[in-house]
Student: 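Pasting a structure below so you can have a look.
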Amino acid sequence: MKIRLLTLLLLLLAYVPSKADDADSLATTSPKVVLRFNIDENIAPAVWRKTKQAFAEADSLDASLIVIHLNTYGGTVLDADSIRTKILNSKIPVYAFVDNNAASAGALIALSCDSVYMREGANMGAATVVNQTGQAMPDKYQSYMRSIMRATAEAHGKDTIISGQDTTFKWRRDPKIAEAMVDQSLYIPGIIDTGKVLTMTPTEAIKYGFCEGMVSNIQQVIDKAHLGNYVIKEYKPTVLEEFIGFLVHPMVSGILILAILGGIYFELQTPGIGFPLGVAVFAALLYFAPLYLEGLAANWEILLFIIGLILIAVEIFIIPGFGVAGILGIIFAMGGLILSMVGNDKLNFEGVSAEALTRAVVTVLGAFIVVFFFALYATKLIFAAHGGPFRNLALNTAENRDEGFVGVDAGTSLMIGKTGVAVTVLRPAGKVQVENDIYDARAESGFIERGEEVKVIQYQAGQLHVVRKK
């Protein structure tokens, strides 16, 4: 009897759940996190910024899956390539839901995802590099895009196919088909003919291995991952992040550069007003602040820009003429604007693409040229005699000789006959001191050494004409 009771007690103890078992049970029942974010606009720096923020949030949430709701006609290759690299290097699986369009740069992003699901009626492809007018870029750019598409397809590896005693390897996503989305000269039997760029429907994408299935919504995409119990967290940028994303757009950067250069120019044209300078300073803050937060603009690049402005001011207000200081000032200021737009490490451009550097140079130089020609037109327009908003700040009437006006400087004309001392050597131009005031002067004959006494005999063209005092 005692043996039976002892045996029963041991069996009861064996079935009592431990704390560790409870913890494991909670772990298996706790929902997995799925992070969702949208790319439903043209691919640009703002989208790249949003992608970085979304992936960072996915890491902080320890997400099990990232789903990109993709609907875009494309955009800049540089930013699309950055997003592609981020996806390929992600430790968290990334799925794409193509909701209608994954064209051009969007096709590259979709191709980089671990799995792609498309809505019925959607399309993916047409990744030829074009300019802003829609014209195809030279082959140099197409070659780069072709290689990116091939490399992205190859990154998904091959499937091993065993048939009897034969073992073959098949690309999960055929690099040649990916390249055909860019190169219209490719011919792939049964898929694409020469002279056409490949764009695939969902059925075609599934057939060629570029899409895992056709779905109607995000929920169905997540179900394909077989996560069990999960919760969806949608990434939504804050107002500040949206504003920063807006400021780093190339068009907005160009407008801010226009405001910086234009404000400086008009302040120099109308010193003392202060409003144009205030516009330039505010535009500079809006230009550099988001780039600094993004890690693109460093302290030394901002300092380079400020030094450039100081040199330009010194050249204009202190040093007569326009020489080395002014030229260096322009170079430094424009260099600071350009370098702040690319992620160089103290002039180390190893990780900077040619497209990024070209875009920065074109943006700044383009803004400089626009300001130059606009200034020629606007100066006349703003200070015009009729209709200009600042017409009262400028002299609008002419005092013509045929109307009886004669230009005579009464103060300097009264100095004729007075004597003074040569402050500098007159060869023949220089400076003289007459009655404790310094004047520009010109020797009528020969050179006059410094310290010699002179006599004023004439005033003409803003200069005193002098001779040695006998």
Side-chain angles (χ1 to χ4, degrees), residues 33-44 47-48 50-55 57-58 63-77 79-127 148-157 171-175 177-178 181-182 198-227 230 232-235:
V33 176
V34 176
L35 183 84
R36 166 193 172 179
F37 76 100
N38 302 326
I39 297 181
D40 53 3
E41 58 198 288
N42 286 340
I43 308 303
V47 178
W48 165 226
K50 181 167 69 173
T51 301
K52 287 190 292 183
Q53 298 286 345
F55 273 71
E57 184 170 323
S64 299
L65 179 68
I66 298 174
V67 179
I68 301 175
H69 192 160
L70 188 61
N71 185 14
T72 178
Y73 289 104
T76 62
V77 176
D79 297 300
D81 185 36
S82 298
I83 296 171
R84 171 197 84 111
T85 304
K86 189 72 174 177
I87 294 171
L88 290 176
N89 293 333
S90 174
K91 296 179 181 179
I92 304 171
V94 182
Y95 285 15
F97 172 45
V98 179
D99 189 359
N100 293 330
N101 295 295
S104 191
L108 176 62
I109 294 173
L111 182 59
S112 62
C113 295
D114 298 287
S115 293
V116 178
Y117 293 90
M118 301 176 69
R119 183 191 294 276
E120 183 179 2
N123 62 78
M124 177 171 61
I148 290 179
M149 295 294 283
R150 288 197 309 270
T152 306
E154 291 174 359
H156 294 288
W171 289 107
R172 185 184 170 202
R173 292 178 184 164
D174 192 332
I177 297 177
M181 296 184 192
V182 181
L198 180 61
T199 300
M200 295 182 288
T201 65
T203 303
E204 291 169 338
I206 293 171
K207 179 180 178 181
Y208 305 139
F210 282 74
C211 176
E212 277 63 42
M214 215 180 317
V215 297
S216 301
N217 50 55
I218 289 287
Q219 191 79 38
Q220 293 178 3
V221 173
I222 300 172
D223 290 341
K224 297 292 184 179
H226 305 292
L227 296 177
Y230 63 85
I232 300 176
K233 299 287 187 179
E234 184 172 355
Y235 169 74

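The first residue in the sequence is number 1, and the count goes up from there. Here the structure is a predicted model, which means the values were calculated and not measured.
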Student: Could you walk me through whether Met124 and Leu111 pass side-chain contact (heavy atoms from CB on, under 4.5 Å), step by step?
Tutor: CA-CA 9 Å; Met124 177 171 61; Leu111 182 59; 5.7 Å; no

Student: Quick one: does Gln220's side chain get under 4.5 Å of Asn217's, heavy atoms only?
Tutor: yes

Student: Would you check if Asn100 and Arg119 make a side-chain contact, meaning some heavy-atom pair closer than 4.5 Å?
Tutor: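 Side chain of Asn100 against side chain of Arg119, heavy atoms only: contact under 4.5 Å found.
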
Student: Should the pair Phe37 and Phe55 be assigned to parallel (<30°), tilted (30 to 60°) or perpendicular (>60°) ring geometry?
Tutor: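 It falls in the perpendicular class, over 60°.
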
Student: Determine whether a donor-acceptor pair (N or O, by modelled atom type, separation under 3.5 Å) exists between the side chain of Asp114 and the backbone of Val94.
Tutor: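 Pair found, side chain donor or acceptor close to backbone of Val94.
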
Student: Do Arg173 and Val116 pass the side-chain contact (heavy atoms from CB on, under 4.5 Å) test, and can you show the C-alpha distance, the side-chain angles, and the key distance before you say yes or no?
Tutor: CA-CA 11 Å; Arg173 292 178 184 164; Val116 178; 3.7 Å; yes

Student: For the side-chain contact (heavy atoms from CB on, under 4.5 Å) test, which of Asn42, Ile109, Ile83 pairs with Val47?
Tutor: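 Answer to the side-chain contact (heavy atoms from CB on, under 4.5 Å) test with Val47 among Asn42, Ile109, Ile83: Ile83.
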
Student: Hey, could you give me the CD1/CG distance between Ile218 and Asn38, rounded to the nearest 0.5 Å?
Tutor: 7.5 Å

Student: Return yes if some donor-acceptor pair links the side-chain N/O of Asn89 with the main-chain N/O of Thr85 below 3.5 Å, else return no.
Tutor: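 Checked: pair present.
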
Student: Do Met149 and Met181 have side-chain heavy atoms sitting under 4.5 Å apart?
Tutor: yes

Student: Is it true that, when you exclude Tyr208 itself, more than 12 heavy atoms of the residues, nucleotides or ligands shown sit nearer than 6.0 Å to its OH?
Tutor: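 Yes - once you tally the heavy atoms of other residues, nucleotides and ligands closer than 6.0 Å, there are more than 12.
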
Student: How long is the span from the CE atom in Met118 to the CD1 atom in Ile206, to the nearest 0.5 Å?
Tutor: 8.0 Å

Student: Do Met214 and Thr203 have side chains that get closer than 4.5 Å, going by heavy atoms?
Tutor: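 When only atoms from C-beta onward are counted, Thr203 and Met214 do touch, with a gap below 4.5 Å.
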
Student: Between His156 and Trp171 (side chain of the first, backbone of the second, donor and acceptor by atom type, cut-off under 3.5 Å), is there such a pair?
Tutor: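 Not confirmed, His156 side chain does not pair with Trp171 backbone.
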
Student: Do the non-hydrogen side-chain atoms of Tyr235 and Lys50 ever get within less than 4.5 Å of each other?
Tutor: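 Touching, per the 4.5 Å side-chain cut-off.
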
